[in-house]
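These values consider heavy atoms only, across backbone and side chains, with no hydrogens, waters or symmetry-generated copies. Chain naming here is simple, since letters A, B, ... match the order of the sequence lines and numbering starts at 1 in each.
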Amino acid sequence: MSDIKKAPDGITANHTLDAKGLSCPMPLLRTKKEIEKLKSGEILEVLGTDPGSRNDIPGWCSRSGHEYLGEKEDTGFIRFYVKKK
Amino acid sequence: MSIGEKFNEVYDSFFKKTWSPMTGGVLLAFLAILMVEWKRPWGIVGGIRNWADWFFYGIGFYTETPDHPLFHSGSMMDMGLLAGAWISAVLAREFAFRVPPMLEIWKGLIAGIFMGLGATLAFGCNVGGFYSAIQNLSASGFTMMIGLIAGVVVGLKYIYWEMEHFTPGPAGPTFLGNLPPFLGWVAIIGLIAAGYAYTSSEVEGANLMPGYLLIGAGIGFVFHRSRLCMVNGFREPFMTGEAAMGKAVAMSIILGALGIGLLKFTGLRGTGLYVETAFGWGSLVGGFIFGAAMVVAGGCGSGSLWRVAEGQIKLWVVIISFALSNSLFRHWFEANEWMEKLGSAVFLPDILGYGGTFLLVIAAMFIWYLVIDWNEDSNALVIEM
């Protein structure tokens, strides 16, 4: 039974992907595509509304080697943070 | 830790945190067996087709009155699933209406039409045509599985192509995301009360409705809590290599097949239950069409329905389109007496015996489990963008 990882306070992203309104598997696929645009060590912020992303994005990070930094709740959506390997 | 703190921890584990897919798969098998013990196997498409039949009857397109949705087994299972998934979503504060970009609405509409066609050809969606079919020892479940896998690859390639050529555009609003969790407990009481209400009904078959409703609600609750998703189980080995859902579905099918198979072996349930004339091209082609469409839709029969209860508007479009399309195709096929020509009804124990059939189910699911588990490390099946 998985716990939600909170992103550290003050985290700033180099790039933001708006995946609000998208449902599985589009938020993860767009995240996979978007992170290719970043340099190693840069942080991608993904804005999403699909609760499934809470499992999909951390799971993909652990498989692909990118670092999942956590999430932040916002009004009506969630901010996910991924650091490129 | 005080007893109060322990209570909160246990409560969170059951009602807030996401369960593992394997937990969901095992519990789903238990509930699928329970459904057959109650009366008949679990299915999805028969219920939503009943709702669509009423729509077409209401506008005068059909002349025959459909079964009452409150006294139709499939309809009550689906209502239960919706209720159970909604209860889970509200308790975990994960319910909200989420309006997707227009591109997603169109995808849902078109994918739903193809899901309706695929489910007609295969005598069911991924549940009735594949999951429950194999658990009921019908050969058509295996042919649909082959079709589903091929279809999923095509659907995934379409999504990759779409991402290169289209951007989804702005999403609509997200609203009603702050429903208080106590509404979930109110709904549980309402479900139990609805079950009791049937006991005083004199309508034929009313005594069976509480089981369909409450076991269906259990299925919806388990699906949402574990986010168990059969599309994910088929798709992820080709998309990211992830195998957790696929392994959970494989295990769930084995457990369910043993439980339901024994009910048939002992004569407690008829061997013909969910053994349809679909073994052959019907389930193969139907599985292929359904598999491709469910990837584009973002949900299969069961996955779309529990996401409806979570408030995802794209899946509302999928389910409405799927139901209407399936009703029309089924009506058309039945009018032309084509349903019997889609394949043959093959009850595997008639050929292999019960022992041989159980071995076949276990071996087939074990091979699938093994391949996707190996692929999780090797990524050999992953299709790159």
Side-chain angles (χ1 to χ4, degrees), chain A residues 1-6 15-38 44-68 70-80 82-85, chain B residues 12-14 16-21 23 89 92-96 98-101 103-104 107-108 156 159-160 162-164 167-175 177-178 224-227 229 231-232 235-236 239-242 244 295 297-299 303 307 310-315 376 379 385:
Chain A
M1 299 186 186
S2 59
D3 286 308
I4 291 171
K5 183 178 179 182
K6 296 288 177 195
H15 197 83
T16 297
L17 168 68
D18 186 354
K20 293 198 290 286
L22 299 181
S23 53
C24 182
M26 300 315 289
L28 178 58
L29 276 179
R30 295 215 169 260
T31 302
K32 274 181 80 176
K33 188 179 174 198
E34 203 69 18
I35 207 154
E36 297 303 319
K37 298 175 183 171
L38 274 68
L44 175 65
E45 178 187 51
V46 182
L47 315 181
T49 51
D50 181 10
S53 298
R54 286 187 155 138
N55 301 323
D56 294 345
I57 294 177
W60 167 71
C61 285
S62 68
R63 291 184 44 72
S64 60
H66 303 301
E67 186 183 355
Y68 180 65
E71 65 164 68
K72 280 184 183 177
E73 280 270 0
D74 209 315
T75 312
F77 65 94
I78 309 163
R79 298 173 185 271
F80 301 96
V82 179
K83 188 175 184 182
K84 185 169 180 177
K85 66 177 174 184
Chain B
D12 285 358
S13 295
F14 278 98
K16 286 187 179 175
K17 293 179 184 174
T18 304
W19 299 352
S20 74
T23 303
R93 292 189 178 273
E94 287 181 343
F95 174 83
R98 302 165 175 92
V99 181
L103 175 65
E104 294 297 309
K107 281 166 64 183
L156 190 56
I159 286 183
Y160 286 178
E162 177 201 301
M163 283 180 51
E164 294 301 323
T167 47
T174 298
F175 55 98
N178 52 357
H224 187 265
R225 275 282 33 92
S226 60
R227 302 199 76 82
C229 179
V231 182
N232 186 309
R235 184 194 62 219
E236 290 303 299
M239 197 178 98
T240 62
E242 172 75 44
V295 171
R307 287 183 174 90
E310 196 179 55
Q312 303 209 29
I313 296 298
K314 178 186 177 184
L315 282 309
E376 198 165 35
N379 283 341
M385 275 197 277

Could you check if a side-chain atom of A:M26 sits within less than 4.5 angstrom of a side-chain atom of B:K107, using non-hydrogen atoms only?
-> yes

If you count heavy-atom pairs under 4.5 Å between each of A:G76, A:A19, A:C24 and chain B, which one has the most?
-> A:C24

Rounded to the nearest 0.5 Å, what separation is found between the CD atom of B:E236 and the CG atom of A:L28?
-> 6.5 Å

The interface call for B:N379 against chain A, heavy-atom contacts under 4.5 Å, is side chain

Closest contact, heavy atoms only, A:K33 versus B:M163 = NZ-O, 3.0 Å

Is the closest side-chain heavy-atom distance between A:K20 and B:R98 below 4.5 Å?
-> no

When B:A244, B:G241, B:A297, B:A96 are compared by non-hydrogen pairs under 4.5 Å with chain A, the top option | B:G241

Report, as yes or no, whether the 6.0 Å neighbourhood of atom NZ on A:K83 holds more than 12 heavy atoms from other residues, nucleotides or ligands.
-> no

Please assess A:S23 against B:E310 for the test side-chain contact (heavy atoms from CB on, under 4.5 Å), listing each intermediate value before the final yes or no.
-> CA-CA 11 Å; A:S23 53; B:E310 196 179 55; over 6 Å; no

In terms of heavy-atom proximity below 4.5 Å to chain B, should A:R54 be classed as side chain, backbone, both, or neither?
-> side chain

May I ask you to name which of B:K314, B:E242, B:E104, B:E162 has the most heavy-atom pairs under 4.5 Å with chain A?
-> B:E242

Evaluation steps, side-chain contact (heavy atoms from CB on, under 4.5 Å), between A:D50 and B:Q312 | CA-CA 8 Å; A:D50 181 10; B:Q312 303 209 29; 3.2 Å; yes

Answer key: most heavy-atom pairs under 4.5 Å with chain A among B:I159, B:V295, B:V231, B:L315 is B:I159

Going by an N to O cut-off under 4.0 Å, is there a salt bridge joining A:D56 and B:R227?
-> no

Heavy atoms of A:G21 and B:P100 approach each other most closely as O-CB, 3.2 Å

Looking only at B:S226, B:P168, B:G172, B:A89, most heavy-atom pairs under 4.5 Å shared with chain A are made by B:P168

Contact class of B:Y160 relative to chain A, heavy atoms under 4.5 angstrom = side chain

Is the NZ atom of B:K16 crowded by more than 12 outside heavy atoms at less than 6.0 Å?
-> no

Under 4.5 Å heavy-atom distance to chain A, tell me which part of B:R225 shows up: side chain, backbone, both or neither.
-> neither

From B:T174 OG1 over to A:D74 CG, what is the distance, rounded to the nearest 0.5 angstrom?
-> 11.5 Å

